[in-house]
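Notes for the one structure printed next.
A note on names: the letters A, B, ... follow the listed sequences, proteins ahead of strands, and every chain is numbered from 1.
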Amino acid sequence: MVAHFIRNRIREDVAAGKNGGQVITRFPPEPNGYLHIGHAKSIGINFGMAEEFGGSTNLRFDDTNPGKEEALFYDRIMEDVRWLGFDWQELHHASDYFDQLFDFACELINTNKAYVDSLDAEQMRVYRGTLTEPGRESPDRNRSAAENMDLFQRMKNGEFADGEYTLRARIDMAAPNINMRDPILYRIRKIDHHRTGSDWCIYPTYDFAHGISDAIEGITHSLCTLEFEDHRPLYDWLLDHISIQQHPQQIEFARGNIDFTVLSKRRLKRLVEEGFVDGWDDPRMPTLAGLRRRGYPPLAIRKFWDSVGVSKSESIIPMIVLENAVRDELNENAPRSMAVLNPLKIILSNFDASETRWLEVPLHPQHEDMGTRRIALTRELYIEQDDFMLDPPGKYFRLKPGGEVRLRNAFIIRCDEVVENAAGGVDHLVCSFDPDTMSGLPGAKRKVKGTIHWVSASHGKRATLRLYDRLFKVANPIADKAVDFTEHLNPASLQVIDNAIIEPDLATQPAGHQLQFERTGYFAVDPDSTPEHPVLNRTVSLRDSWAKIAGQ
RNA sequence: UGGGACGUCGCCAAGUGGUUAAGGCACGGGGUUUUGAUCCCCGCAUUCGUAGGUUCGAAUCCUACCGUCCCAGCCA
């Protein structure tokens, strides 16, 4: 367990008996897009901390801005949180608190801590000052409480147009922290809300709604990302100036970035809407839906974030770290199979053409308890084109003319003849096998340098394999502000292999089924797959030290 | 030029005055292996953004400087 400052802090609070030793957190997504792997970090921290200290976590939709939010996202978000393996104690919506929020706003008006302002957006910007100059007070700042209350009520009643008035906190227009320069608490939006319908035409801002919603739910630790650090004084000010007892502690941590991708809902939305990808669940997307379809195990995502740790320094984590977490998980749990991506036919000259030998082979080399599968061994087989070379370099362990190699789970073969096609390329190979070296026989102890995978030409099933590569060509697609990030998209992020040959049993596996094609990579059955036309997505390749050697 | 935060090995990240400066990933070397996978060993910061200072003793305290990120939405 990696130590981190939030855990330390909560541990201290619990030890000190704060909140009666309770730990209650929340995960507060805005329903305006799909969750991505960056959210998984926040989910892991919020749910993880509560779980660790025997507390609970609420899921709360931060739906204070109708017009930017859409109903369909609620379900997708819940699905994704559950997929990660977390379950919330209570399900809430900021919109559930609109009545209470309104009452608290009235309370602030009555204590002269808030006022109705008629400045328009442009004027307000000018009055706010700049980073280096203080702001100026609005002419409306000293309205009487009664007047403010009347105006606020009329805002609520729909007597004014959008933007005509706002409710602002009365704090300090000269505050060095711009968030404290009389921030807006309510704005007029004559637009229906997907949950409250036409009940409201004024809606609270994030700053006003968030902390109070936390307090209403009895949240003890409100864990969020760094950009809200500047908002904490406001979070605290609000809770200090209304009559509510609970005062959650906001603690901020750094978002986790991953190279060769983008993690912002805004940008992901663009990729979807502008057709750069096939939707939110395109397996190239870093969305949880995309990663799920790609075949990433949820536990791998959780372990990945755990291993990366939690701190306050902005970081970019290499994609390979994530991929290794996925490999670790899949290596343990994925059953093995064989597939040939680029088939090269071989004929075993001394194997009876009418014979089909059924082999009982393990589903996992290290876990016998996973059981076995049956594969057909026949006279004609397919092997990988890459596993044969006419004139290979020195350290090449695979098949070459006159050379020997072991067929995985079967016997050793020798390449006796290379048959060329009309174009002068290799059409097929004629090989002979050594019957004494069949797996299980004493002679199988004979060693050869290489072992290659294969599939029976007559029993193998043709399939489509989708091979995915990184979505972007550059490590940080948003580094250069002058270049739109879509310019850096990798045109080869998807490679479709239409004539791969797989073990036929796989055709009937359900969507989501994860497996390893030995020597090739981890794959998952795509929802598009049918028994007639199997489609599998490559989750991640295997580590390939040969590629490293060959590349040198 | 205001405010907030961050700078420890290539990438993450522990560490909060006395430790040989954790761990993971990457990398290098060796072993096992019917996946060039997995697995197993070994190696990998006399140094903590820089410069001063305090102290018997500092990555940890002080000062200054440098660098990076966030904030001027009626977004969250």
- Item | G36(B) pyrimidine/purine six-ring stacking with Trp546(A), under 5.5 Å and 30° |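 One would call Trp546(A) stacked on the G36(B) base.
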- Task: Round to a whole Å and report the spacing from CG of Leu322(A) to C1' of C11(B).
- Result: 14 Å
- Task: Return the value, rounded to whole Å, for the distance between atom CD1 of Ile251(A) and atom P of A5(B).
- Result: 15 Å
- Nucleotide nearest Asp230(A) (side chain, heavy atoms from C-beta), chosen from G36(B), G4(B), A14(B): G4(B)
- Task: Return the nearest nucleotide to the side chain of Ser315(A); candidates are C12(B), C75(B), A5(B).
- Result: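 Closest nucleotide among those given: C12(B).
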- Message: Within the 4.0 Å heavy-atom criterion, would you say Pro29(A) contacts the bases, only the backbone, or no part of the nucleic acid?
- Response: nothing
When you measure only distances, ignoring hydrogens and angles, does the side chain of [X] come within 3.5 Å of the base of [N] through a donor and an acceptor?
{"X": "His231(A)", "N": "A76(B)", "value": "yes"}
{"X": "Arg327(A)", "N": "U38(B)", "value": "no"}
{"X": "Gln516(A)", "N": "U35(B)", "value": "yes"}
{"X": "Asp544(A)", "N": "G36(B)", "value": "no"}
{"X": "Arg398(A)", "N": "G36(B)", "value": "yes"}

- Message: Strictly by Watson-Crick or wobble contacts shorter than 3.5 Å, is anything paired with C39(B), and which nucleotide is it?
- Response: G31(B)
- Just checking, Arg136(A) and Tyr127(A): is the charged tip under 6.0 Å from the six-membered ring centre and within 45° of the axis? yes
- Qualifying residues under ring pair (Phe, Tyr, Trp, His ring centres under 6.0 Å), relative to Trp237(A), sequence neighbours excluded: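 Trp237(A): ring pair (Phe, Tyr, Trp, His ring centres under 6.0 Å) contacts with His241(A).
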- Task: For Gln516(A) and Leu330(A), indicate whether the former's side chain and the latter's backbone hold a donor-acceptor pair under 3.5 Å.
- Result: no
- Query: Can you check G73(B) for me, syn or anti if syn means within 90° of 0?
  - Reply: syn
- Where do Tyr165(A) and Ser118(A) come nearest, in terms of heavy atoms and distance? CE2-CB, 3.6 Å
